[in-house]
J.: 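Encoded as structure tokens, here's the structure I'll be asking about.
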Protein chains: 2
Amino acid sequence: MARLAGVSTATVSRALNGTGQIAPATGAAIDAAVQQLGYRPNTVARSLVTKSTQTIALLLPDIANPFYAALVSGIQERALAAGSTMLLCTTEGDPEREEQYLSLLRAKQVDGVLVDGLVLPPERIADFVREGLPIVCLDRDIDSTSVPLVQVDNRLGAQIATEHLLSLGHRLIAHVAGAPGLRISAERIGGYDDALAAAAVERRRTHVAVGSFTEEGGYGAMRALLAGSPPTAVFAANDLSALGVMHAIAESGRRVPEDISVVGFDDLRLAAHTTPPLTTIHQPAFEIAQRATQLLLDLAAGREVPQRLHLLEPELVVRGSTAALA
Amino acid sequence: MARLAGVSTATVSRALNGTGQIAPATGAAIDAAVQQLGYRPNTVARSLVTKSTQTIALLLPDIANPFYAALVSGIQERALAAGSTMLLCTTEGDPEREEQYLSLLRAKQVDGVLVDGLVLPPERIADFVREGLPIVCLDRDIDSTSVPLVQVDNRLGAQIATEHLLSLGHRLIAHVAGAPGLRISAERIGGYDDALAAAAVERRRTHVAVGSFTEEGGYGAMRALLAGSPPTAVFAANDLSALGVMHAIAESGRRVPEDISVVGFDDLRLAAHTTPPLTTIHQPAFEIAQRATQLLLDLAAGREVPQRLHLLEPELVVRGSTAALA
DNA sequence: AGCGTAGACGTAACCGCTTACAGCAACCGC
DNA sequence: GCGGTTGCTGTAAGCGGTTACGTCTACGCT
């Protein structure tokens with residue numbers, strides 16, 4: 001122990017943490033000892049007394065979804081700046097596992113948890129915050145007033161996407177929706193409806209197909225759409241769906257964008273490299289993540305967070321998958 | 001504290017951990033108290049004495065790379081079964097950050113760390129294992145004998161990919177390599193060479209372009225290839241590169257696979273939904289992750305791990321991006 | 001009756017830190 | 001010369017668990 005090479009454990013603690021005053025000479029001696037032994041304070045002992053583990057958790061269904069993955073760097077950046085690390089917990093959309101994890105995380109004394117896409121009843125989540133576990137929700141919201149939320153303005157994004165298609169002359173615009181029952185899906189349908197209504201374009205029920213935010217979902221939904229009266233453009237609820245949509249279109253012998261235009265939502269890194277490159281709605285994932293993390297850190301530090309809802313701006317990115325109606 | 005509702009803390013501890021004998025009646029009383037208070041033992045206090053944090057870490061450059069993300073579920077599955085959680089640490093390929101994290105993880109007393117794609121000198125890593133930090137490497141290897149490694153047989157995979165192209169009649173087969181200087185890139189080049197040599201096909205130096213395992217890298221490399229004497233087929237070092245490759249091909253007015261066939265490596269989930277769907281080499285990511293995690297857990301538990309190198313089998317998945325030479 | 005033993009629990013030390021609190025110089029002003 | 005600061009450091013009490021050890025009761029055996 002560094003104390004052998006120096007003085008008392010209390011002084012070492014103070015020196016290393018920069019709390020209290022230490023004589024220059026003692027400081028140097030301690031530094032030397034630390035250097036020599038390669039001493040690193042045991043953080044778990046530290047956590048036991050300080051009540052802070054310098055650890056936050058990210059709880060979401062599946063990190064293989066590129067959008068979720070895109071959130072990580074923003075979290076990491078903020079967390080690292082605060083000296084914290086991040087536990088990643090994936091739930092596969094299983095509410096039991098969500099609860100199990102939340103309970104485990106509390107036992108582990110994490111400083112807080114970031115949640116995305118949970119399916120657990122909001123009141124169960126509220127129970128945890130009531131017990132003192134800081135939670136903030138990002139991206140996909142839960143129906144709760146007890147948890148701050150930061151996400152993109154989904155309704156606006158969907159509206160912008162649809163308006164883009166309208167401005168290209170399209171009138172037969174389909175929507176491949178997200179997973180049913182989620183508020184985020186409903187918001188995007190809402191934006192789509194808003195845009196159509198504003199342009200006085202009839203909104204055909206047969207033109208909104210239900211997907212699941214996955215390639216498979218988009219693929220299936222688009223095949224169904226093509227089997228009916230094919231649209232000239234489609235707004236997919238996210239980029240992954242859009243991939244499936246384009247796959248189905250190509251398979252049917254049609255071309256994107258010559259025969260059918262498609263616009264996605266998310267602006268994943270790979271959207272720039274699909275064939276053709278995907279026109280989509282950009283979500284500021286990095287900032288969403290940063291903002292949410294900062295909020296969580298504030299909460300954990302006992303600071304009050306002013307507003308509950310943080311909406312960020314979506315942005316249209318035009319690439320090669322949309323074209324004017326022939 | 002549950003002890004109020006029951007007996008002594010020692011007994012509670014024994015009851016909850018199932019160590020030692022406890023009378024049925026006491027057990028019931030404790031259960032009741034636990035239930036009533038919603039008591040959950042503080043794991044950090046526990047860790048302080050048991051020396052086990054039930055936490056492992058995953059250290060890699062960037063979780064936004066879908067292949068890395070695909071590893072997570074296999075890790076999660078094994079870790080959860082062992083009651084452990086996983087810290088995710090992303091380094092952006094920065095060696096200083098790698099070292100900083102490793103050092104932090106040691107201070108945090110994690111039970112072990114899984115590393116992938118590190119660029120830190122192997123001897124620095126060896127220092128950590130020497131100090132008692134269990135480390136196992138998966139996917140991308142480091143040049144060290146002190147760390148167990150589990151990965152797919154890269155050379156064989158590359159060979160299979162190239163043979164597939166050869167069997168379709170192609171002779172002008174290019175390779176868009178991975179990031180230069182990495183052993184994994186070299187292995188895949190090696191497999192490509194092996195296949196060409198076995199078929200007595202000339203290997204033109206101008207037909208291997210350097211990429212970087214990213215869409216951008218593949219795109220750039222393919223543009224360079226097209227600017228020279230275009231191949232009739234290309235083997236991309238991974239699926240992400242293949243995306244970029246297909247992008248560049250489409251942009252040049254050529255078609256996949258009619259004009260140029262392309263095969264990737266990884267078999268990302270999205271490979272089935274590119275346009276056209278990508279023929280690729282399947283990597284058993286889930287099993288690689290599982291195996292590596294199990295190894296790490298074994299190491300952490302003080303069990304000896306028999307062999308250092310674990311090679312898993314790649315597999316060709318034929319989809320729509322390859323066709324017989326016209 | 002006496003002793004050994006097994007079962008069920010309590011006592012207390014300890015894990016490696018942080019942090020009151022107190023002690024002790026040296027230094028200040030008057 | 002003396003009380004009051006100020007600067008620096010040590011002592012010790014935890015933080016919330018685990019666990020070696022000891023104790024006590026009840027029981028079995030001779």
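Note that this is a predicted model, so its numbers are computed, not measured. Residue numbers start from 1 in every chain, and the chains themselves are labelled A, B, ... in the order their sequence lines are given, proteins ahead of strands.
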J.: Between which residue ranges does DNA chain C form stems of three or more consecutive Watson-Crick or G-U wobble pairs, both distances under 3.5 Å?
T.: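 So the stems come out as C:1-30 with D:1-30.
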J.: Would you mind telling me which of C:dC17, C:dT11, C:dG7 lies closest to the side-chain atoms of B:Ala10?
T.: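 Of all the options, the side chain of B:Ala10 is nearest to C:dT11.
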J.: What nucleotide, of D:dC8, D:dG16, D:dT9, holds the atom closest to the side chain of A:Lys51?
T.: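 So the side chain of A:Lys51 is nearest to D:dG16.
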J.: Quick one: is B:Thr11 getting a side-chain N or O under 4.0 Å of the C:dG10 phosphate, OP1 or OP2?
T.: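 For C:dG10, OP1/OP2 do have a side-chain N/O of B:Thr11 under 4.0 Å.
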J.: Tell me the side-chain hydrogen bond (donor to acceptor under 3.5 Å, both in side chains) pairs involving residues 118-132 of chain A, sequence neighbours left out?
T.: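 Every side-chain hydrogen bond (donor to acceptor under 3.5 Å, both in side chains) pair that includes a residue of residues 118-132 of chain A, provided the two are not neighbours, is A:Glu99-A:Arg124, A:Arg106-A:Glu131, A:Arg124-A:Asp127, A:Asp127-A:Arg130.
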J.: Between B:Gln35 and B:Asp31, do the side chains contain a donor N or O and an acceptor N or O under 3.5 Å apart?
T.: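 The answer is no; no qualifying pair exists.
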J.: Are B:Ser103 and A:Arg40 side-chain neighbours, meaning at least one heavy-atom pair lies under 4.5 Å?
T.: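 In contact.
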J.: Which nucleotide sits closest to the side chain of B:Gln21: C:dC15, D:dG10, C:dA8?
T.: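 Side chain of B:Gln21 sits closest to C:dA8.
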J.: Can you tell which of C:dC9, D:dT19, C:dC17 lies closest to the side chain of B:Ser13?
T.: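 Comparing C:dC9, D:dT19, C:dC17 against the side chain of B:Ser13, the answer is D:dT19.
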J.: Report the distance from atom CG of A:Asn42 to atom C1' of C:dC15, rounded to the nearest whole Å.
T.: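 Taking atom C1' of C:dC15 as the reference, CG of A:Asn42 is at 8 Å.
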J.: Are the side chain of A:Gln76 and the backbone of B:Leu88 linked by a donor-acceptor contact shorter than 3.5 Å?
T.: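 A pair under 3.5 Å: yes.
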J.: Which listed nucleotide (D:dT9, D:dC15, D:dG16) is nearest to the side chain of A:Thr26?
T.: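 When the side chain of A:Thr26 is considered, D:dT9 is the closest of D:dT9, D:dC15, D:dG16.
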J.: Starting at atom CZ of B:Arg46, determine the distance to atom C1' of C:dC15, rounded to an integer number of angstrom.
T.: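 Rounding to the nearest Å, CZ of B:Arg46 and C1' of C:dC15 are 13 Å apart.
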J.: What is the separation between atom CG on A:Leu16 and atom P on C:dT19, rounded to the nearest whole Å?
T.: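 It is 13 Å, rounded to the nearest whole Å.
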J.: Determine, stepwise, if the pair B:Thr90 / B:Arg97 fulfils side-chain contact (heavy atoms from CB on, under 4.5 Å).
T.: CA-CA 9 Å; B:Thr90 58; B:Arg97 192 142 151 204; 4.0 Å; yes
J.: Does B:Tyr39 have a side-chain nitrogen or oxygen under 4.0 Å from the phosphate oxygens OP1 or OP2 of D:dG16?
T.: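 B:Tyr39 to D:dG16 OP1/OP2: no side-chain N or O under 4.0 Å.
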J.: Working to the nearest 0.5 angstrom, can you tell me the gap between B:Leu104 CG and A:Ser84 OG?
T.: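 B:Leu104 CG to A:Ser84 OG: 9.5 Å, rounded to 0.5 Å.
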J.: Rounded to the Å, how far apart are A:Leu48 CG and D:dG17 P?
T.: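 In whole Å, D:dG17 P and A:Leu48 CG are 9 Å from each other.
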J.: Rounded off to whole Å, could you give me the CG-to-P distance for the A:Asn17 and C:dG16 pair?
T.: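 The distance from CG of A:Asn17 to P of C:dG16 comes to 17 Å, rounded to the nearest Å.
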J.: Want to settle it: does B:Arg14 or B:Val44 sit nearer the 5' end of DNA chain D, counting the closest nucleotide to each?
T.: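 Looking at the nearest nucleotide for each, B:Val44 comes out on the 5' side.
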J.: In chain order, what residues pass the side chain to side chain contact (heavy atoms under 4.5 Å, CB included) check against B:Thr55, with sequence neighbours excluded?
T.: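 Here the qualifying residues are A:Leu87, A:Lys108, B:Thr53, B:Thr85, B:Leu87, B:Val110.
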